[in-house]
Amino acid sequence: MAATKPPSGLSRDLIALRAARELQPGSVVNLGIGLPTLVGGFVEPSDGILFQAENGILGYSGISESDFDPDLINAGGQPVELVDGASFFDTADSFAMIRGGHIDAAILGGLQVSAQGDLANWYVPARGGGSVGGAMDLAVGARKLIIAMAHVTRDGNSRIVEVCDYPLTAPRCVDVIITDLAVIDVTASGLSLREVAPGVSVEQVAHWTAASLDVSRDVTEMLL
Amino acid sequence: MAATKPPSGLSRDLIALRAARELQPGSVVNLGIGLPTLVGGFVEPSDGILFQAENGILGYSGISESDFDPDLINAGGQPVELVDGASFFDTADSFAMIRGGHIDAAILGGLQVSAQGDLANWYVPARGGGSVGGAMDLAVGARKLIIAMAHVTRDGNSRIVEVCDYPLTAPRCVDVIITDLAVIDVTASGLSLREVAPGVSVEQVAHWTAASLDVSRDVTEMLL
Amino acid sequence: MLAEIYDTADAAVADIPDHATILVGGFVSAGTPSNLLLALKRSGQTGLTAVANNIGLGDLLDELCEDRQLAQVIATFAIRASGARSSRFEALYRNGEVELELVPQGTLIERLRAAGAGLGGVLTKTGLGTMIAEGKQTIELDGEQWLLERPLRGDIALLKAWRADRYGNLQYRLAGRNFNPVMATAADLVIAEVEEIVEPGDIAPEQVGTPAIYVDRVVQCEPMPVRWEG
Amino acid sequence: MLAEIYDTADAAVADIPDHATILVGGFVSAGTPSNLLLALKRSGQTGLTAVANNIGLGDLLDELCEDRQLAQVIATFAIRASGARSSRFEALYRNGEVELELVPQGTLIERLRAAGAGLGGVLTKTGLGTMIAEGKQTIELDGEQWLLERPLRGDIALLKAWRADRYGNLQYRLAGRNFNPVMATAADLVIAEVEEIVEPGDIAPEQVGTPAIYVDRVVQCEPMPVRWEG
């Protein structure tokens, strides 16, 4: 328990895979920049999930690095392909969709998540600034907000904290945290451990979580 | 001057013709229901005037009663034809255009106009109700508001009054009043007579106007 | 979730509950779900609130007044300036049997849009200094007065589009858009009447007027043209 | 008034004054007026305020930092999370040579839309309880807090569309719409770079993304693709 390095948990790809499992078939999903964009690769067409991009696409599928059309990108600037039945719209309509509660789930990256589900993911104090993009609107508007991130910073600090010290994206917005170590639900009474990564113990997760964590549920190992 | 009936002035068609003369070439114009819809018939294609309809058309020309397409109507429900370069949009975009100051002129009907340019044109007290349509947005948003109406009601009351007793469409919105008897500008200091209809005297207009009317300008006869 | 295709307009509206608030797309004859309105008449729900551009101008929304199905109407056109013609709605209204809220057209669409777009309201000049402002909050910003208009949401939206694909993407034709695309975003259950149902991909992505995720039910109907009766 | 066709991007931007507020359409590579931005660089105006989705992500707006043409940037993406790459903008910003206002994307588009649509502001939950709310008015309605966001207007808008007709109607392609249609409504002088200019009527009225009345100048340019550099 006096470990100075967290246990070796899921790779970025496996975090994305586990996050993909959190999505309901037929749902409308927005993927944030970075790790979350990998989630698209772990969804089957038969799941009928429609991916929405802030820049005005509903119904894109894989990233298609080979064939770059500057007008056909996701919100991370990556070239994408369309599914049959896709649609385009402008930014006003895109954020009406996001803020209006029409997105079933968003998967975003995180810098910190607090015990009450506050999210900080846009402003990096060390860099004296940040990029807010659509993160604040997604945090407020998505019906379910899933944060996919490393559990611990490179400096060995937990990203899951009692109170965020980074500037907030939105208060009380996170529903589920998926990290390399665990799946944690944010409930009305605080953080509740649901699953641990293969080879990671409940105690290890608790150690590397800098917030009260309810481990009283029947915690299971992630199915990957 | 003790006349109990106003002098015989312009027909509805001639009011529309005079109102059409008030429009600048190349301007964007919205025509209200009723008399104002006749204005379209007095504009030449070479004037390059684009007519906008609240229900989402920019660039319609004549009324085309012969060939009714239910999806191709103006805001008065009349079938219209399109000019080359026309466009369609939804109601949100249409009223963004109207309220946002992108319409150069609107020509609306009126029930009453006050000395300070208040307009009443939507609520008929005698009928215990009314229909507001797009009138309030046009009154607020059009850069120039022209009211085309009969100068006097059938009961012999002036429609131009010190203070409207009908419920307002918008306060201080009217720029020009065009009636069967006269063209009157609404200025910062009140109503100012600009033109009289052929065969109508300045005194007659003043008599049938129930508001102070500045007649000190060089009043001319309307050119029709 | 993708839209469900219904065989008849009657089936598509059968489970609308009494006392529902129903957004009705269309502008007189353009983009108006006349088949759905007649189905609603046959279906017989009562105590309804209808939100629509117009009632009683030749539209079939007026038909819902025959059996007193409407408790309230929120509209921009409802009472004619002249008494030369009348509508069923007007008769009920004068009898005190139905309530009416008249809303400026630009304000009606912004209130619907706010509901669909997760906004708490918008500030407009439209209606300031008029009856429309009565009972509403005004806000002064930099010495200017603005009227605060609040969101307006429906339980149900009845829409009309030209075509749908099987997923529920809607394509509009000519001036058939009007209130339909915004109403699609502002109701819990969205039912669209269309002239044709095509395969996903048959509507070019740039020409989708209402994305599929907003549409719950689609029914193909012979269009039923109505005309403005001034 | 109909749009004027310009022969070169340089001619189209030549009379933009110093200290103008310029709305720049596009989202990284999509619908971005790169030719107009380079022309603006060559033209050399200074003290400009740029309103854009992004700066310094591979876009050519960043080029305006080379000769310190920008006094202020209002954007949603401006500072990278990692220091692995940097932009000219970031360097100037850290040096205190340019101001930055970060605005959430959904709020940025609503502020622009409010300016174009004659609204005095909108109420949103986005930004509540964050730095974004600092110094802004909050309004309580029925016990809920809302943030009042005010209109944002430009002197100039630089847009990119796929095609224009000679009147100035613009048609967008794929995800090239993004900020362009709303920015077209929110500036005094609107300049659009397009890939092709066609005759009025060649763009179907249903496919016009920006009606001609919003567009003042059109210039045909070879598209200049840029790519996101994370």
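In what follows, chains are A, B, ... by sequence order, proteins preceding strands, each numbered from 1.
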Taking every non-hydrogen atom, the tightest pair across C:Cys65 and C:Arg88: CB-CB, 3.7 Å
Criterion side-chain hydrogen bond (donor to acceptor under 3.5 Å, both in side chains) against C:Asp59, the qualifying member of C:Asn54, C:Thr32, C:Asn53: C:Asn54
Interface residue of largest heavy-atom contact number with chain C, from B:Pro70, B:Ala120, B:Ala170, under 4.5 Å: B:Pro70
Max heavy-atom pair count under 4.5 Å with chain C, selected residue of B:Ala126, B:Ala96, B:Gly128, B:Ala75: B:Ala75
B:Gln52 vs B:Phe89, side-chain contact (heavy atoms from CB on, under 4.5 Å): CA-CA, chis, key distance, verdict: CA-CA 11 Å; B:Gln52 195 257 16; B:Phe89 30 84; 4.1 Å; yes
B:Phe88, part contacting chain C, at a heavy-atom distance under 4.5 Å: both
Criterion side-chain contact (heavy atoms from CB on, under 4.5 Å) on B:Arg172 and B:Asp118, from CA distance to verdict: CA-CA 5 Å; B:Arg172 296 177 182 277; B:Asp118 299 350; 3.9 Å; yes
Under 4.5 Å from any heavy atom of chain B - which part of C:Leu108: neither
Smallest separation among heavy atoms of C:Ser34 and C:Met224, with atom names: OG-O, 3.5 Å
Where B:Pro167 and C:Met131 come nearest, the two heavy atoms and their spacing: CB-SD, 3.5 Å
Max heavy-atom pair count under 4.5 Å with chain C, selected residue of B:Ser94, B:Gly133, B:Gly77, B:Ala86: B:Gly133
Heavy-atom contact with chain C under 4.5 Å, split by part of B:Val132: both
For the student: nearest non-hydrogen atoms of B:Ile33 and B:Gly76, plus distance: CG1-CA, 3.8 Å
Engaged part of C:Pro181 at the chain B interface, taking heavy atoms whose separation is under 4.5 Å: side chain
Aromatic ring pairing C:Phe27/C:Phe179, orientation class (parallel under 30°, perpendicular over 60°, tilted between): parallel
Which atoms of C:Leu174 approach chain B - backbone, side chain, both or neither, heavy atom under 4.5 Å: both
Engaged part of B:Ala92 at the chain C interface, taking heavy atoms whose separation is under 4.5 Å: both
Option in C:Val182, C:Val28, C:Asn178, C:Val103 with maximal non-hydrogen atom pairs under 4.5 Å from chain B: C:Asn178
B:Asp69/C:Arg173 ion pair, N-O < 4.0 Å: yes
Salt-bridge criterion met for B:Arg99 and C:Glu149 (N-O under 4.0 Å): no
Residue, of C:Gly176, C:Gly129, C:Pro104, C:Pro225, that accumulates the most heavy atom pairs under 4.5 Å with chain B: C:Pro104
Residue part contacting chain B, namely of C:Tyr93, when any heavy atom lies under 4.5 Å: side chain
N-O pairing of B:Arg143 and B:Asp175 below 4.0 Å: no
Heavy-atom contact with chain C under 4.5 Å, split by part of B:Ser87: neither
Selection from C:Lys160, C:Lys125, C:Arg94 maximising heavy-atom pairs under 4.5 Å formed with chain B: C:Arg94
Chain B contact via C:Thr107 - side chain, backbone, both or neither, heavy atoms under 4.5 Å: both
Toward chain C, the part of B:Ile57 with a non-hydrogen atom under 4.5 Å: side chain
Residue B:Ala139 versus chain C: region with a heavy atom under 4.5 Å: neither
Which of B:Pro171, B:Gly56, B:Pro79 touches chain C most, by non-hydrogen pairs under 4.5 Å: B:Pro171
